[in-house]
Amino acid sequence: MRVYLDTVGCRLNQAEIEVMARQFRADGHVMAASAASADLAVINTCAVTNDAASESRRRIRHMARAGVEEIVVTGCWATLQPQAAAALPGVTRVVANDRKEDLAGSTFARRSAPPSEFELEPLARQPLPGLHHRTRAFIKIQDGCNNHCTFCVTTIARGEARSRTQLEVLADIRFALAGGAREIVLTGVHLGSWGLDLGSNLRRLVAAVLLETDVPRLRLSSLEPWDLDAEFFALWEDPRLMPHLHLPLQSGCAATLKRMRRQTTPASFRALVSAARRVMPEAAITTDIIAGFPGETQAEFAESLNFVREMGFAGGHVFTYSQRPGTGAARMRGQIRPELRKERNHVLHQTLEASAESYRKRFVGRRLSVLWESTSELGDSGWQMQGLSGNYLRVSAPAPSPRWNEIDEVELIESGPAGMQGVLCPEPAEARGFGSEG
């Protein structure tokens with residue numbers, strides 16, 4: 001059977017569908033590159049915002065219009081709204097988050113005997129086709145969250161934090177590397193909580209990955225600022241750990257953070273960023289900000305905006321606050337008018353983009369190593385390559401031949417809203433992502 005996998009939302013959802021692909025292949029099924037060519041479609045939905053939930057429903061309807069015979073829906077939105085998911089056209093099954101790990105096995109009867117390691121290994125090494133044909137492998141190391149941020153519906157959908165064992169994580173990484181992945185991204189709902197239920201911690205896991213695998217590039221996804229201390233940044237002494245930290249701030253106002261039940265303050269966040277920059281002065285530090293949280297006065301918004309400017313982030317995401325059923329914030333007084341939320345989103349977005357442009361310009365004339373993720377059509381100047389530097393700059397450059405999944409040193413010659421333009425250098429690339437002066 002031809003199976004199409006799709007996902008909405010976070011990197012964790014992406015990591016999960018890559019595992020599903022491995023399971024489906026082990027059972028003898030083929031991955032389809034589009035819904036139109038599939039017999040069965042699985043979509044891993046998201047509910048973090050109203051827009052994410054709407055996009056999840058749109059994708060399901062698209063699959064039905066494409067003529068998919070069976071549609072299986074899983075993920076956070078499907079877990080929170082199973083009846084609504086089941087009522088959508090073409091949906092034959094809804095699988096809650098706590099049952100998704102064996103989604104492939106429970107969807108079809110397994111073969112009479114499980115595949116041997118020899119049979120499974122080559123199946124596990126194949127990337128997803130179509131839009132999911134990635135050079136970076138997202139590895140799920142934990143699920144769930146024990147935080148109780150008042151805006152977040154993910155804890156309700158995902159449950160309490162629980163870690164995968166170090167052996168399981170290392171095995172998945174080795175599979176991905178054997179399949180040709182050049183960069184590993186560790187991901188989870190609450191990444192920094194990894195190991196607390198195993199008598200370990202994230203720092204030990206990262207150290208083990210660097211010690212026990214030959215991963216060329218290792219990256220960490222979103223990290224809550226209260227999970228880190230200054231000693232954590234010593235890990236970046238290994239140049240294979242990419243110089244990029246995504247630290248969700250959510251608000252730069254102390255009073256708003258308190259209503260959010262975030263376990264940080266502007267002062268502690270500032271101190272953490274300073275500690276990181278002492279070790280990695282040029283690292284990209286990106287963030288998430290919520291615009292229009294309940295009770296946010298104009299003075300509080302101004303305080304948050306000024307703090308965002310002060311931090312000099314290399315980029316980030318701005319989310320217009322969404323009332324999510326079941327969360328504490330949805331019941332709060334002082335809900336902000338939707339048009340004011342959007343206005344504040346626009347101001348924050350412009351501020352972050354100006355900060356990101358300032359960061360990008362620091363690297364014009366510099367050489368960075370770039371992992372090429374996509375190739376467009378051949379033009380007069382060669383194949384047009386797009387990829388990511390170690391410090392998470394999106395880079396485009398012409399190449400004489402397709403360089404997908406290769407790492408090259410690139411001289412950056414121009415910065416723009418879409419990223420950096422560059423030219424390939426003849427010298428071999430450096431692993432870290434920071435090259436030499438141009």
Side-chain angles (χ1 to χ4, degrees), residues 9-10 12 46-53 76 80 144-161 188-193 196 221-229 245-273 285-311 313 315-338 340-349 351-352:
C10 63
L12 180 59
C46 180
V48 68
T49 64
N50 287 326
D51 286 345
C76 290
L80 294 169
C145 182
N146 293 337
N147 296 319
H148 299 284
C149 300
T150 55
F151 56 81
C152 187
V153 75
T154 304
T155 301
I156 302 171
R158 291 273 183 173
E160 295 184 352
V189 176
H190 182 193
L191 196 70
S193 72
L196 298 183
S221 64
S222 182
L223 291 162
E224 296 294 0
W226 56 82
D227 291 324
L228 311 179
D229 56 29
L245 286 166
H246 188 77
L247 305 176
L249 173 63
Q250 308 302 2
S251 174
C253 170
T256 306
L257 287 170
K258 187 174 182 179
R259 290 197 303 279
M260 291 177 170
R261 294 188 66 177
R262 299 285 289 167
Q263 300 174 46
T264 189
T265 65
S268 61
F269 190 94
R270 180 188 291 113
L272 183 71
V273 169
I285 298 180
T286 55
T287 197
D288 295 331
I289 303 287
I290 294 175
F293 188 77
E296 184 183 63
T297 65
Q298 188 61 38
E300 289 180 347
F301 174 68
E303 180 183 339
S304 182
L305 181 62
N306 287 335
F307 187 80
V308 170
R309 288 173 175 150
E310 176 194 340
M311 288 297 96
F313 292 111
H317 306 288
V318 182
F319 298 95
T320 300
Y321 170 71
S322 292
Q323 289 176 266
R324 312 306 294 134
T327 63
R331 301 187 297 271
M332 287 182 179
R333 294 180 180 179
Q335 299 289 327
I336 307 299
R337 292 179 289 110
L340 183 55
R341 297 180 205 174
K342 292 181 180 179
E343 180 183 315
R344 290 178 178 176
N345 180 307
H346 179 69
V347 174
L348 284 165
H349 179 80
T351 301
L352 272 180

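Index from 1, following the sequence.
- Between V308 and F313, the shortest heavy-atom contact is O-CD1, 3.9 Å.
- A 4.5 Å side-chain heavy-atom check between L191 and D227 finds every atom pair outside the cut-off.
- Using a cut-off of 4.0 Å between Lys/Arg side-chain N and Asp/Glu carboxylate O, E296 and R344 are scored as salt-bridged.
- The two residues S322 and T49 come nearest to each other via the heavy atoms OG-CB, 3.6 Å.
- Contact check for F319 versus I289: no side-chain heavy atoms found under the 4.5 Å cut-off.
- Scanning all heavy atoms of the two residues, the minimum distance from M332 to P294 falls at CB-CB, 3.9 Å.
- To the nearest 0.5 Å, atoms OH (Y321) and CG (L340) are separated by 14.5 Å.
- Expressed to the nearest 0.5 Å, how far CD of E343 lies from CZ of R337 amounts to 8.0 Å.
- Under the 30°/60° scheme for interplanar angles, the aromatic rings of H246 and H317 are found to be tilted.
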Before giving the answer on side-chain contact (heavy atoms from CB on, under 4.5 Å), spell out for T327 and T150 the whole-Å C-alpha distance, their side-chain angles and the decisive distance to 0.1 Å.
CA-CA 6 Å; T327 63; T150 55; over 6 Å; no
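- Among pairs with a residue in residues 317-331, none fulfils salt bridge (Lys or Arg N to Asp or Glu O under 4.0 Å), at least two apart in sequence or across chains.
- Inter-residue side-chain proximity for F151 and Q323 is flagged as unmet; no heavy-atom pair is nearer than 4.5 Å.
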Stepwise salt bridge (Lys or Arg N to Asp or Glu O under 4.0 Å) test for E300 and R259:
CA-CA 12 Å; E300 289 180 347; R259 290 197 303 279; 2.9 Å; yes
Yes or no on side-chain contact (heavy atoms from CB on, under 4.5 Å) for R261 and N147, after CA distance, side-chain angles and deciding distance?
CA-CA 9 Å; R261 294 188 66 177; N147 296 319; over 6 Å; no
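- The SG atom of C253 sits 11.5 Å away from atom NZ of K258, with the distance rounded to the nearest 0.5 Å.
- A donor-acceptor pair under 3.5 Å links the side-chain atoms of H148 to the main chain of N146, judged by distance alone.
- For N345, the side-chain contact (heavy atoms from CB on, under 4.5 Å) test picks out A291, V318, T320, H349, with sequence neighbours left out.
- You'll find the side chain of L257 stays beyond 4.5 Å of the side chain of F269, heavy atoms only.
- Between Q335 and A329 the shortest heavy-atom distance is NE2-O, 2.9 Å.
- The shortest side-chain heavy-atom distance between D288 and Q250 falls under the 4.5 Å cut-off.
- Residue-environment remark: CD (Q263) exceeds the threshold of 12 foreign heavy atoms within 6.0 Å.
- You'll find the side chain of V273 reaches within 4.5 Å of the side chain of M311, heavy atoms only.
- Closest approach of P248 to R262, counting heavy atoms only: O-NH2, 2.9 Å.
- With S251 as reference, T256 is the one residue of T256, I290, T264 to meet the side-chain contact (heavy atoms from CB on, under 4.5 Å) rule.
- The shortest non-hydrogen separation linking I336 to F293 is CG1-O, 3.5 Å.
- With a 4.5 Å cut-off on side-chain heavy atoms, T286 and L245 do not count as touching.
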Does the side-chain contact (heavy atoms from CB on, under 4.5 Å) test come out yes or no for L247 and L228, once each step is laid out?
CA-CA 10 Å; L247 305 176; L228 311 179; 3.8 Å; yes
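- Looking at heavy atoms from C-beta onward, C76 lies out of side-chain contact with V153 at the 4.5 angstrom threshold.
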